[in-house]
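All remarks here apply to the structure that follows.
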2 protein chains.
Amino acid sequence: MSKNISPPAAPCPHHGHQACIEQALATAVELCNRGGLRLTPIRKRVLELVWQSHQPLGAYDILAQLSAEDGRPAAPPTVYRALDFLLDNGLIHRLASLNAFIGCDRPHQAHQGHFLICRLCKVARELPHDAIDEAVEQTAAELGFLVEQQVVEVSGVCAPCRGHA
Amino acid sequence: MSKNISPPAAPCPHHGHQACIEQALATAVELCNRGGLRLTPIRKRVLELVWQSHQPLGAYDILAQLSAEDGRPAAPPTVYRALDFLLDNGLIHRLASLNAFIGCDRPHQAHQGHFLICRLCKVARELPHDAIDEAVEQTAAELGFLVEQQVVEVSGVCAPCRGHA
DNA sequence: TCAAAAGTTGTTATATAATAACGTTTCGAT
DNA sequence: ATCGAAACGTTATTATATAACAACTTTTGA
């Protein structure tokens with residue numbers, strides 16, 4: 001299943017996406033500086049690649065891009081280690097249903113990742129998930145279950161792709 | 001990452017689990033008869049293996065058990081085809097966060113799978129998810145998103161494992 | 001009843017995703 | 001300057017899932 005997805009007609013139709021990337025990188029730099037974390041060139045580059053669109057990106061897609069840039073093949077641990085660092089520090093999320101990674105909107109704030117994923121344009125939108133989070137916590141509480149991690153990945157068709165502007 | 005998990009102290013402490021298995025198989029037989037579906041020996045056996053506990057089971061764990069029973073190694077497609085049939089017909093769910101499969105409580109009724117997964121005893125409990133489902137649908141509706149599939153997998157510690165009997 | 005079509009299974013090979021293990025380099029604090 | 005921890009390079013392997021095609025079985029319809 002090679003991910004030869006042609007880039008969607010408009011991966012990011014509603015804004016200049018370069019601004020997203022720059023914002024994300026600047027935030028990451030600041031966050032790492034404050035926390036005494038080392039945002040090394042590899043880690044920064046992987047974060048930038050993850051942010052190149054709002055479509056979740058597979059580890060091996062990242063690997064291929066790194067390899068192409070360097071002119072020599074990179075090895076999986078290079079990418080997975082960078083991804084682990086970014087995950088650990090809240091800079092990206094992993095989407096279990098896609099085996100893919102996506103940049104986090106608000107890395108300062110600890111939170112669970114809740115996503116709407118469009119099967120047409122492949123864009124994953126992170127939700128400020130108050131309602132869902134509450135429903136999960138409440139349902140769990142009723143059963144005496146202690147929530148540690150939430151995986152909420154909703155697939156379907158996004159408004160633009162439905163023509164609902 | 002071999003799943004050499006020793007069977008939990010009490011995989012199914014609160015009921016005679018054999019009843020679960022028999023119930024699930026009987027329901028499956030009836031549902032397939034009604035729908036003109038062929039619950040072949042392999043499919044039935046895989047369903048039974050999935051139901052052997054309330055812990056999600058990996059495809060390769062199933063494969064190993066089938067191989068052991070038959071005395072000869074079974075091949076992955078054998079298991080994946082059976083799992084696909086069972087998934088298509090609502091008899092099992094797949095847990096994306098675990099790459100594993102679990103029997104469905106109520107295969108008659110079309111529904112999304114919402115789960116609480118205990119990281120200690122590994123039991124996955126399917127939720128009758130009205131509150132969560134509503135929260136998801138409402139959040140999506142506000143954004144004009146058409147929901148097609150929900151992946152809701154909440155990990156943590158279940159009441160028995162917390163000692164909250 | 002028989003033959004075609006559809007569905008199921010066996011089998012081999014391969015694709016895709018992730019980690020193990022170990023040595024080397026770099027960074028940062030003393 | 002040196003030591004220890006962290007990061008990285010490299011090779012190999014494990015884990016999960018699918019492709020492709022042949023053989024067999026069931027169902028269907030002439």
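A, B, ... follow the sequence lines: proteins, then strands. Residue 1 opens every chain.
Per the geometry, CG belonging to Leu98(B) stands 18 Å off P belonging to dA17(C), to the nearest Å. As rounded to whole Å, 10 Å separates atom C1' of dA17(D) from atom CG of Asp84(B). Here the P atom of nucleotide dT11(C) and the CG atom of Leu63(B) are 13 Å apart, to the nearest Å. Here dC8(D) presents its C1' atom at 18 Å from CZ of Arg45(A), a figure rounded to the nearest Å. Atom CG of Asp61(A) and atom P of dA15(C) are 16 Å apart (whole Å).
By the side chain to side chain donor-acceptor pair (under 3.5 Å) test, Gln138(B) is found to be paired with Glu142(B), residues two or more places apart in sequence or in another chain being considered. Considering only residues two or more places apart in sequence or on other chains, Glu137(A) meets the side-chain contact (heavy atoms from CB on, under 4.5 Å) condition with Asp133(A), Val147(A), Gln150(A). Residues passing the side-chain contact (heavy atoms from CB on, under 4.5 Å) test with Gln109(B), sequence neighbours excluded: Arg106(B). For Thr27(B), the side-chain contact (heavy atoms from CB on, under 4.5 Å) partners at least two apart in sequence or on another chain are Gln23(B), Pro107(B), His108(B). In terms of the side-chain contact (heavy atoms from CB on, under 4.5 Å) criterion, residue partners of Ala135(B) (sequence neighbours excluded) are, by chain and number, Ala131(A), Ile132(A), Ala135(A). A search for side chain to side chain donor-acceptor pair (under 3.5 Å) contacts involving Arg94(B) returns Asn99(B), not counting sequence neighbours.
Distances shorter than 4.0 Å separate none of the side-chain N or O atoms of Asn99(A) from OP1 or OP2 on dT16(D). Proximity of Tyr80(A) to the phosphate of dA18(C): a side-chain N or O atom is located under 4.0 Å from OP1 or OP2.
Between the axis at the start and the axis at the end of the helix from dT1(C)-dA30(D) to dT30(C)-dA1(D) there is an angle of 30°, using five pairs per end and rounding to 10 degrees.
Applying the salt bridge (charged side-chain N to carboxylate O under 4.0 Å, His left out) test to residues at least two apart or on different chains, the pairs with a partner in residues 38-49 of chain B are Arg45(B)-Glu48(B), Arg45(B)-Glu69(B). Note on residues 16-30 of chain A: pairs passing salt bridge (charged side-chain N to carboxylate O under 4.0 Å, His left out), not counting sequence neighbours, are Glu30(A)-Arg34(A). Within the structure, the side-chain hydrogen bond (donor to acceptor under 3.5 Å, both in side chains) test picks out no pair touching residues 71-90 of chain B (sequence neighbours left out).
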Quick test: give all pairs of protein nitrogen or oxygen and nucleotides 6-9 of chain C nitrogen or oxygen below 3.5 Å, distance rounded to 0.1 Å.
{"from": "dT8(C)", "atom 1": "OP1", "to": "Arg43(B)", "atom 2": "NH1", "distance (Å)": "3.1"}
{"from": "dT8(C)", "atom 1": "O5'", "to": "Arg43(B)", "atom 2": "NH2", "distance (Å)": "3.3"}
{"from": "dT9(C)", "atom 1": "OP1", "to": "Thr40(B)", "atom 2": "OG1", "distance (Å)": "2.6"}

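For the pair Tyr60(A) and dT16(C), the ring geometry does not qualify as stacking, because the centroid separation below 5.5 Å and plane angle under 30° are not jointly satisfied.
Contacts between residues 87-95 of chain B and DNA chain D, defined by a heavy-atom separation under 4.0 Å, are made by Arg94(B).
Of the N and O atoms on the side chains of Ser97(B) and Glu153(B), at least one donor lies less than 3.5 Å from an acceptor on the other residue.
Residues His114(A) and His93(A) place their aromatic rings such that the two centres sit no closer than 6.0 Å.
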